[in-house]
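Every chain is numbered from 1 and lettered A, B, ... according to where its sequence line falls, protein lines coming before strand lines.
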Amino acid sequence: MSDANTARLERLSGMLKRRGVLLPAFEIHGGAKGLYDFGPVGGRLRNRVNQTWLNHWLSLGNIVELSCPTVTPYAVLEASGHVGEFSDFMTMCAACEEASRADTLLESFHPNPDSLSKADLQALLDQSQPPCPSCNAVDWTKITAQNLMFNTTIGAGRSGRPGFLRPETAQGMFTSFPALYRHNRERLPFGAVQVGKGYRNEISPRQGMIRLREFNMAELEYFINPHEPAKHDFSAWDGHAITLVADEQGEVKMTFSEAVEKNIIRHETVGYFMAKTFDFLTKVGIDAERLRFRQHEADEMAHYATDCWDAEIHGSYGWVECVGIAHRGCYDLEAHENATGKTLRARREFDEPQVVEIDGWTIDGAKAGPAFRALAGAVKVAVENLPSETNFPIELTLESGDEVVVKSEHVKRDQRTETLSGEWYIPHVVEPAFGIDRIIWHILDHAYDEIGKDGEEYTTLRLSDHVAPVDYCVFPLFEKDGMGELAKTIHAKLCMKPDVVSMYDSSGSIGRRYARADEIGVPRCITVDHQSLEDQTVTVRSRDTGEQHRVHIDEL
RNA sequence: GCGGAUAUGGUGUAGUGGUAACAUAGGAGGUUUCCAACCUCUUGUCGCGGGUUCGACUCCCGCUAUCCGCACCA
């Protein structure tokens, strides 16, 4: 990072702290690593970003909003793969209280203990009894999952069950699939969104808002039918060439249409969400020139994903991944199906019912059962694979290697017509996952504008109207002759309007007050002057142009 | 987690073994007919804990936090 850049970053961070946008949390107690407060200004900003995000996706029409618990039972995150991916399994020596990683202790007893589940590790530990590396005792406590997810206990005392604070919001949406499917009249595609907190007990949180232990995230799970080709219209984005860093082609600039045509973006729905993500990010004030999409390389991609793109934003910390858009296939729903035995599927009807003519053989249970006993099941499979013209008796070699003679009395002709009108399948999921804190950081970074004004440094936060935390500042030019009263009336009126935030400020010169408003990005300032008292008009001054025009109070 | 640096009003900084300064910001008043002007008054600070000392913001130790490398992670 250049010195100029570092200095700017320090001034920006100082301003954010001074003006109550972002502050270290619990600072009077010495602070806590990886935890931040959104202050009196930042709290509103965060909420506006969240709301803009929700509206952006809900406007697609087939998206619903969910809110799932952050406290999540162990089994859920074990099924999703997080326990294995995000945890180290620890055990403690009861003699010397030294904590050790179970997989490290068991390295000489298993080729790859890292791959074992918690239960398998426990079994292997009980069986192999490795000595404690520091005191040589053999007395290990029960294995517990440690590290990247915050452990907790759900319930008290002996009835408490292990759980975690969720490391992402997605799992609750997957486990809610049956309710979503019913709500959407059993028709795909549909999506669910959730805005909320996620928790990761990072070893070393760094770089301010970039890596946090408690963070705001917003995720969309879009469920699609893999048997239906995804068709999306990208013409709305044709005017804009996007920077793509593709796995094979490297950095290229082209429209979304082209990227999909050339199969650089491998799935249309992924491309569609990339385009919508581009819209969202620019809407909240991210500079399109400092935005790019980077494709995960094959070996970097999570094993279940078929295509994955990150939206990266360039700011004070270089290029930072702020959004991940992944085609997750059927991985998640299948994982929860396997773990629970419940069905997480959708039904699709075939265009034409599939008529299957079955003309072959099957066993006659009453005869073949007693004749083949334990082998009867395997005989049935073998017989049903025989062509219809088979003559009996016949000698068959079963899967198991056993040889049997099947006589005609053991079998019967199986001739029927089966009609399949459709099938149950596991939907595929395309998941855009947004790191809200990282996006907010870059909104602030991109909006922070320092200009030399009359030889002095002057800072303006050029926030988009969608996310500006304060909509209006109301100033009396002087707080006398009734100007203060009129300004307070206008301020009160604005505050009454739904979703409008207004601030009243009468201290300091008018220029100082404009400067204060500009620093936190208030788009419009309203000033009451002497003329206002006569004709009920006020001046409205716009932040970015400094232009003023007179407006009647009733038109505000 | 390892190594290095740092920690002084809201913010940015100076400084000392004898309880602290400057700038800026904030509040009150005055002045001012629209972009950080000016005048008066005023609020507020040595990260936390322990040690050395008659006395510690200053020296030592530990902790916490911040920044930079490495590692981890996405």
A.B. asks: For the C1' atoms, the ones on B:rU52 and on B:rC59, what distance do you get once it is rounded to whole angstrom?
C.D. replies: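 Each nucleotide's C1' atom is 8 Å from the other's.
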A.B. asks: Can you tell me how far C1' in B:rU24 sits from the matching atom in B:rU45, rounded to whole Å?
C.D. replies: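 Straight-line distance between the two C1' atoms is 15 Å.
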A.B. asks: In whole angstroms, how far is the P atom of B:rU33 from the CE atom of A:M483?
C.D. replies: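 From A:M483 CE to B:rU33 P: 10 Å.
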A.B. asks: What is the distance, rounded to the nearest whole Å, between atom CZ of A:F293 and atom P of B:rA74?
C.D. replies: 21 Å
A.B. asks: Whole angstrom is fine here: how far is it from CG in A:D505 over to C1' in B:rC35?
C.D. replies: 13 Å
A.B. asks: For A:Y514, is the NZ or CZ atom of A:R541 found under 6.0 angstrom from the centre of its six-membered ring and inside 45 degrees of the ring axis?
C.D. replies: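 Judged by the rule, A:R541 and A:Y514 form a cation-pi pair.
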A.B. asks: Report the distance from atom OH of A:Y36 to atom CG of A:L16, rounding to the nearest 0.5 Å.
C.D. replies: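 Here the rounded value is 9.5 Å.
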A.B. asks: Please, what dot-bracket string fits RNA chain B when only Watson-Crick and G-U pairs with both distances under 3.5 Å count, crossing ones use [ ] and pairs to another strand use |?
C.D. replies: (((((((..((((....[..)))).(((((.......)))))....(((((..]....))))))))))))....
A.B. asks: Atom CZ of A:R513 and atom P of B:rG27: how far apart are they, to the nearest Å?
C.D. replies: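 For the pair A:R513 CZ and B:rG27 P, the rounded distance is 11 Å.
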A.B. asks: Who are the side chain to side chain donor-acceptor pair (under 3.5 Å) partners of A:H314, not counting sequence neighbours?
C.D. replies: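 Expected list: none.
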A.B. asks: When the nearest nucleotide of RNA chain B is assigned to A:S542 and to A:K480 on a heavy-atom basis, which residue is associated with the more 5' position?
C.D. replies: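 Here A:K480 is the residue nearer the 5' end.
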A.B. asks: Would you confirm whether A:D437, through its side chain, and A:N216, through its main-chain N or O, come within 3.5 Å as a donor-acceptor pair?
C.D. replies: yes
A.B. asks: In terms of relative ring orientation, are A:F256 and A:F293 parallel, tilted or perpendicular, with 30° and 60° separating the classes?
C.D. replies: perpendicular
A.B. asks: Report which part of the nucleic acid A:F478 touches: base, sugar-phosphate, or nothing (heavy-atom distance under 4.0 Å, all strands).
C.D. replies: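 Base: the residue A:F478, judged by heavy atoms under 4.0 Å, touches a nucleobase.
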A.B. asks: Could you give the distance separating B:rU66 and B:rU11 at their P atoms, to the nearest angstrom?
C.D. replies: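 Those two atoms are separated by 15 Å.
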A.B. asks: Answer with base, sugar-phosphate or nothing: what part of the nucleic acid does A:R11 contact at a heavy-atom distance below 4.0 Å?
C.D. replies: nothing
A.B. asks: Kindly point out which of B:rA36, B:rC35, B:rG26 is positioned nearest to the side chain of A:Y514?
C.D. replies: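 My answer, after comparing the listed nucleotides, is B:rC35.
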A.B. asks: Kindly list each side-chain donor-acceptor pair under 3.5 angstrom involving residues 486-494 of chain A, sequence neighbours excluded, with atom names and distances?
C.D. replies:
residue: A:T489; atom: OG1; partner: A:E485; partner atom: O; Å: 2.8
residue: A:H491; atom: ND1; partner: A:S502; partner atom: OG; Å: 2.8
residue: A:K493; atom: NZ; partner: A:I553; partner atom: O; Å: 3.4

A.B. asks: Has A:S507 got a side-chain N or O lying under 4.0 Å from the OP1 or OP2 atom of B:rG27?
C.D. replies: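 Checking B:rG27 against A:S507, a side-chain N or O does come within under 4.0 Å of OP1 or OP2.
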A.B. asks: Does NZ or CZ of A:R294 come closer than 6.0 Å to the centre of the six-membered ring of A:W319, within 45° of the ring's axis?
C.D. replies: no
A.B. asks: Within the 4.0 Å heavy-atom criterion, would you say A:G208 contacts the bases, only the backbone, or no part of the nucleic acid?
C.D. replies: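 Sugar-phosphate contact only - A:G208 comes under 4.0 Å of backbone atoms but never of a base.
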A.B. asks: Got a sec? Which of residues 18-29 of chain A come in under 4.0 Å of RNA chain B, heavy atoms?
C.D. replies: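 By residue number: A:R18.
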A.B. asks: Can you name the salt bridge (charged side-chain N to carboxylate O under 4.0 Å, His left out) partners of A:K283, sequence neighbours left out?
C.D. replies: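 Checked A:K283 against salt bridge (charged side-chain N to carboxylate O under 4.0 Å, His left out); zero matches.
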A.B. asks: Quick one: does any side-chain atom of A:T460 pair with a main-chain N or O of A:R462 as donor and acceptor, under 3.5 Å?
C.D. replies: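 Answer holds: no.
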A.B. asks: Between the base of B:rC73 and the side chain of A:R200, is there a donor and acceptor pair under 3.5 angstrom?
C.D. replies: no
A.B. asks: On RNA chain B, check which nucleotide each of A:S13 and A:E321 is closest to and give me the residue with the more 5' one.
C.D. replies: A:S13
A.B. asks: Work out how far the C1' atom of B:rA74 is from that of B:rA20, and round it to whole angstrom.
C.D. replies: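 Straight-line distance between the two C1' atoms is 46 Å.
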A.B. asks: Taking the side chain of A:L477 as its heavy atoms from C-beta onward, which of B:rA37, B:rA74, B:rU33 lies nearest to it?
C.D. replies: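 Side chain of A:L477 sits closest to B:rU33.
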A.B. asks: State plainly whether the residues A:D449 and A:R543 are in salt-bridge range, i.e. N to O under 4.0 Å.
C.D. replies: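 Looking at A:D449 and A:R543, the cut-off is not met.
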A.B. asks: Which whole number of Å gives the distance between the P atom of B:rA71 and that of B:rC60?
C.D. replies: 32 Å
A.B. asks: Could you work out the separation of B:rU58 and B:rU53 based on their P atoms and round it to a whole Å?
C.D. replies: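 Looking at atom P only, B:rU58 and B:rU53 are 16 Å apart.
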A.B. asks: Measure from CD1 on A:I313 to C1' on B:rA74 and round the result to the nearest Å.
C.D. replies: 15 Å
A.B. asks: Taking only the side-chain heavy atoms of A:R211 (C-beta and beyond), determine which of B:rA36, B:rC73, B:rC34 contains the nearest atom.
C.D. replies: B:rC73
A.B. asks: Heavy atoms only, 4.0 Å cut-off, all strands: where does A:E10 land among base, sugar-phosphate and nothing?
C.D. replies: nothing
A.B. asks: May I ask you to decide if the ring planes of A:F174 and A:H336 are parallel, tilted or perpendicular, using 30° and 60° as cut-offs?
C.D. replies: tilted
A.B. asks: Sticking with atom C1', work out how far B:rG9 lies from B:rC46, rounded to a whole angstrom.
C.D. replies: 10 Å
A.B. asks: Let me have the donor-acceptor pairs involving side chains of residues 467-484 of chain A, under 3.5 Å, with sequence neighbours excluded, atom names and distances please.
C.D. replies:
residue: A:D471; atom: OD1; partner: A:R48; partner atom: NH1; Å: 3.2
residue: A:D471; atom: OD2; partner: A:R48; partner atom: NH1; Å: 3.3
residue: A:D471; atom: OD2; partner: A:R48; partner atom: NH2; Å: 3.1
residue: A:D471; atom: OD2; partner: A:V501; partner atom: N; Å: 2.7
residue: A:E479; atom: OE1; partner: A:S506; partner atom: OG; Å: 3.3
residue: A:E479; atom: OE2; partner: A:Y504; partner atom: OH; Å: 2.8
residue: A:E479; atom: OE2; partner: A:S506; partner atom: OG; Å: 3.2

A.B. asks: Using a cut-off of 4.0 Å on non-hydrogen atoms, how would the nucleic acid contact of A:T539 be classed: base, sugar-phosphate, or nothing?
C.D. replies: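 Contact class for A:T539: base.
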A.B. asks: What's the closest nucleotide to the side chain of A:K17 if the choices are B:rU11, B:rA37, B:rC34?
C.D. replies: B:rU11
A.B. asks: B:rU32, OP1 or OP2 - any side-chain N/O from A:S509 closer than 4.0 Å?
C.D. replies: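 No.
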A.B. asks: Using atom CD1 of A:I520 as one end and atom C1' of B:rA25 as the other, report the distance to the nearest whole Å.
C.D. replies: 15 Å
A.B. asks: Could you give the distance separating B:rU31 and B:rG12 at their P atoms, to the nearest angstrom?
C.D. replies: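 That atom pair is separated by 36 Å.
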A.B. asks: Side chain of A:K33: nearest nucleotide among B:rC34, B:rC35, B:rU66?
C.D. replies: B:rU66
A.B. asks: Rounded off to whole Å, could you give me the CZ-to-C1' distance for the A:R213 and B:rC73 pair?
C.D. replies: 12 Å
A.B. asks: Please state how far atom CG in A:L35 lies from atom P in B:rA65, giving the value in whole angstrom units.
C.D. replies: 9 Å
